[in-house]
Amino acid sequence: MRSVRKRLSSRQHNCNSGAEMTEKLPPVRVRFAPSPTGRTHLGSGRTALYNYLLARQTGGQFLLRIEDTDQKRYVPEAEQELIDSLHWLGLQWDEGPDVGGPYGPYRQSDRKEIYLEYAKQLIEKDKAYYCFCTPERLAHLREQQMQAKQPTMYDGLCRKLTLEEALRRVKQGEPHVIRFKTPKEGTITIRDYLRGEITVENRTIDDYILVKSDGWALYHLAAMVDDQLMRITHVLRSSEWLSTFPLHAHIIRAFGWQEPVFVHLSVFLKPSGKGKMSKRESAQLLQDGYSIFIKDLEQLGYLPEAVVNWIALMGWSYDDKTEFFTMQDLIEKFSLDHLNPSPAAINFTKFDHFNGLHIRHLTVEDLARRVKPFLLKAGLKVEDQKLLQIVPIIQERLVTLDDAVEMAGFFFRDKLEYEPALLVGKNLSTRESFKALQESHQLLSGADFDDKETLEISLRSLAERMGLKAGQLFGILRIAVTGRSVSPPLIESMLILGKERVLERVQAAIIRLNEIL
RNA sequence: GCCCCCAUCGUCUAGGGGACCAGGACGCAGCCCUUUCAAGGCUAAAACGGGGGUUCGAAUCCCCCUGGGGGCACCA
C-alpha cells in the first residue's frame with residue numbers, strides 16, 4: 001500500500017472519529033542541507049524542491065544549510081554549482097549562508113564550537129563518552145567481525161572507562177573521539193511519515209562517533225543540533241538516512257528535545273531500475289544527450305519548468321490524471337500525503353515529453369529569448385525579428401531548445417550543404433526533378449511572397465500541371481530551400497526566408513542538380 | 001555477512017475491503033489529420049511477484065518466501 005493517507009487515517013482513527021481530511025499544515029520550517037562534495041544531481045534537486053514547496057505552501061521558511069564539516073571532501077566549485085542549480089530551478093531560500101537569517105550561521109564549518117558544546121552536554125548526561133581507540137584497532141575489529149559474519153560495530157571498549165579516567169587521558173592530550181552511548185537493551189520506536197512506526201532493537205545500533213579526533217562533529221550530531229537550533233519542524237531527506245534514523249532519534253531524545261517530523265524520500269534509480277547512478281553511467285548518459293546533473297540539463301536545452309515538473313512526479317502524484325504542473329500549481333497542490341516510499345527509476349524519455357510540453361506552453365517571445373543563446377552558440381547570426389517569425393513554426397517540433405539549431409539553422413546560414421542526389425524527387429528521375437526545379441523557379445520569380453494561401457495554391461497547381469504529386473514537388477523544394485529532408489512547413493519557411501533568398505537557393509539547386517544530370 | 005526499507009503494465013503512477021474483467025501518463029504498434037517532421041485526435045497490446053491466512057468479499061489487512069533498494073566510515 002503506497003498511500004500514506006491510509007496509514008495515517010488508520011493510526012489516527014481513534015482520536016479522530018474517522019473524519020480524515022487532507023488539511024493544510026501550519027507554517028513549517030524546512031531545510032535543504034547538502035554537502036558540497038560533488039555535482040548537484042536530480043535527487044538533490046527533488047529533495048530541495050519538496051522542501052521548498054512545503055515552505056511556500058504553508059507560508060513557512062525554507063533554509064539552505066551547507067554541511068561542510070568534512071574538510072577533506074569539500075569542493076569549492078560544488079557549492080557554486082549547487083547554488084546555481086537551485087536558482088536555475090527557481091528555488092529561493094529564506095535563510096542561508098548568503099542571505100543570512102535569525103538562526104545562523106548556516107554553514108556548519110562556522111558552528112564547530114556549538115557542536116562541541118552539545119557533545120559535552122551529552123557526556124555530562126552520561127549519554128556519550130570519550131573513546132581512545134585508534135583507527136587501526138577499529139579497522140582490525142571490523143575485519144574480524146566481517147570474517148566471523150558478525151554485525152560490524154564498535155565493541156564498547158572505552159565505554160567501560162570511568163569519566164575521571166577518560167578526562168585524565170584527554171587532559172594528557174591523548175587522541176580521542178566522542179561516541180554516543182546507545183542503550184544496549186530494549187527497542188526504540190521511531191516514526192517516519194511515509195512508513196509509519198519502525199521499531200528497532202537497540203543492540204543493533206552502534207555507538208556512533210559524534211565528534212572526530214580533530215574536533216569536528218559528524219553529521220549525526222551536527223544535523224540534529226542544527227535542526228533543533230534552527231527550529232526545523234519537518235525534515236525531508238533522502239531515505240539513505242533511514243538506517244541511521246534510530247540513532248538520530250536517540251540523540252534528539254538524549255537532549256530531551258522534541259523530534260521534527262521525519263520524511264524519508266525514496267531514492268532515484270538509474271534508468272534500468274538496477275541500482276543508483278554511477279560515474280561511468282553518467283558519462284554514457286551525456287553521450288546520449290541526457291544527464292543527471294542539473295547544470296548539464298540547462299546546457300542540453302532543457303527547461304527548468306520541465307525539470308521541476310518531471311522530478312516532482314517521481315515519487316509524488318496529485319491524482320489519477322493530472323501531469324502538467326507549473327511551480328505555482330505544485331505549491332498549491334503538493335502534499336506529503338501522496339508521497340511514494342518506493343524507489344523510482346529515472347525515465348529520460350518521459351523527461352523529453354515534459355520538456356516538449358513546457359516548450360509548447362511558452363509564449364513566442366519567451367521561447368525566442370530562450371532559444372537564441374543556443375543558436376548563437378552554434379555560430380549562427382541571429383536576427384531577432386526573424387527569430388520571432390520562426391518560433392511559431394518550430395515550437396511544436398522542439399524537444400529541447402538545442403533542437404532549434406538543427407531545425408532552424410537554415411534560416412541563418414548563407415550557404416546550404418547537402419547531397420545533390422537528395423534533390424531527386426521521390427519516384428522521379430533526375431531530369432524530371434531538374435525540370436520541376438526550373439519550373440518552380442520561374443513560378444516563384446513571379447509569385448507574391450506575402451500570402452501563404454496563394455503561394456501554396458500556385459505551387460500545387462504547378463505540381464498538377466507537371467503530373468506530380470504535391471508531396472513530390474514539395475520534397476524537392478524542401479531540400480533546395482532548407483537543405484534538409486525534414487524541416488518546418490515549407491511554404492511558411494519560404495515566406496520567412498523571403499523571395500530573394502528562396503530564388504537564390506532554388507537557383508543554386510538547379511546548378512547542383514545539373515552537375516549530376 | 002548484519003540491520004532497515006520497498007513491491008500495480010517495460011517505466012512513472014492512480015488505488016483508503018465491494019464503485020476494478022484495475023484508471024492515467026511516457027514509450028511501443030496501428031489508424032486519422034498531413035507537403036516532410038512534429039503536434040493533435042482515435043484504437044490496440046501491456047501490470048496487482050509467489051504462497052498462506054483474515055473476511056461473505058482482498059490490488060487493498062496480517063504472515064512467510066522471493067525479488068529490488070538503501071545502510072553497515074574519525075563521509076554526508
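Hydrogens, waters and symmetry mates play no part in the numbers below; they use all other heavy atoms, side chains included. So you know, we letter chains A, B, ... as the sequences are listed, proteins then strands, and number each from 1.
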Nearest to the side chain of [X], which nucleotide is it out of [options]?
X      : options             : answer
A:K276 : B:U35, B:A25, B:G70 : B:G70
A:E492 : B:U35, B:U13, B:A76 : B:U35
A:R478 : B:C6, B:C74, B:U36  : B:U36
A:E323 : B:G69, B:A14, B:G24 : B:G24
A:K321 : B:A76, B:C2, B:G24  : B:G24
A:K350 : B:C6, B:C26, B:C37  : B:C26
A:H338 : B:G15, B:U35, B:A25 : B:G15
A:P151 : B:C2, B:G70, B:G15  : B:C2
A:P341 : B:C5, B:C6, B:U35   : B:C6
A:S243 : B:G71, B:U35, B:G1  : B:G71

Watson-Crick or G-U counterpart of [N], or none if no pair lies under 3.5 Å:
N     : result
B:C21 : none
B:G10 : B:C26
B:C72 : B:G1

Phosphate-side-chain proximity, [X] and [N], N/O vs OP1/OP2 below 4.0 Å:
X      : N     : answer
A:K212 : B:C75 : yes
A:S317 : B:A14 : yes
A:K72  : B:C75 : yes
A:T69  : B:A76 : yes
A:R142 : B:A73 : yes
A:R360 : B:G40 : yes

Is a side-chain donor or acceptor of A:T182 paired with a backbone partner of A:D206 at a separation under 3.5 angstrom? yes
Proximity of A:Y219 and A:W241 rings by center, below 6.0 Å: yes
Check every strand shown and say whether [X] touches a base, only sugar-phosphate, or nothing at a heavy-atom separation below 4.0 Å.
X      : result
A:C133 : base
A:A344 : sugar-phosphate
A:I198 : sugar-phosphate

Return the 5'-most residue of the pair A:L357, A:S266 with respect to RNA chain B, ranking by each residue's nearest nucleotide. A:S266
Using heavy-atom distances to pick each residue's nearest nucleotide on RNA chain B, tell me which of A:F351 and A:A217 is more 5'. A:F351
Side-chain H-bond candidate by donor/acceptor type, A:T199 with A:T189, under 3.5 Å: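 Yes, because at least one side-chain N or O of A:T199 sits under 3.5 Å from a partner of the opposite role on A:T189.
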Working to the nearest 0.5 angstrom, can you tell me the gap between A:C131 SG and A:L161 CG?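 That separation rounds to 9.0 Å.
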Salt bridge between A:K333 and A:D319, side-chain N to carboxylate O under 4.0 Å?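 No, this pair does not count.
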Between the base of B:C37 and the side chain of A:S487, is there a donor and acceptor pair under 3.5 angstrom? no
Report yes if a donor N or O on one partner sits less than 3.5 Å from an acceptor N or O on the other, where the partners are the side chain of A:R397 and the base of B:C37; otherwise report no. yes
List the atom of A:V506, the atom of A:A480, and the distance in Å for their closest heavy-atom pair.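 Nearest heavy atoms, A:V506 then A:A480: CA-CB, 4.5 Å.
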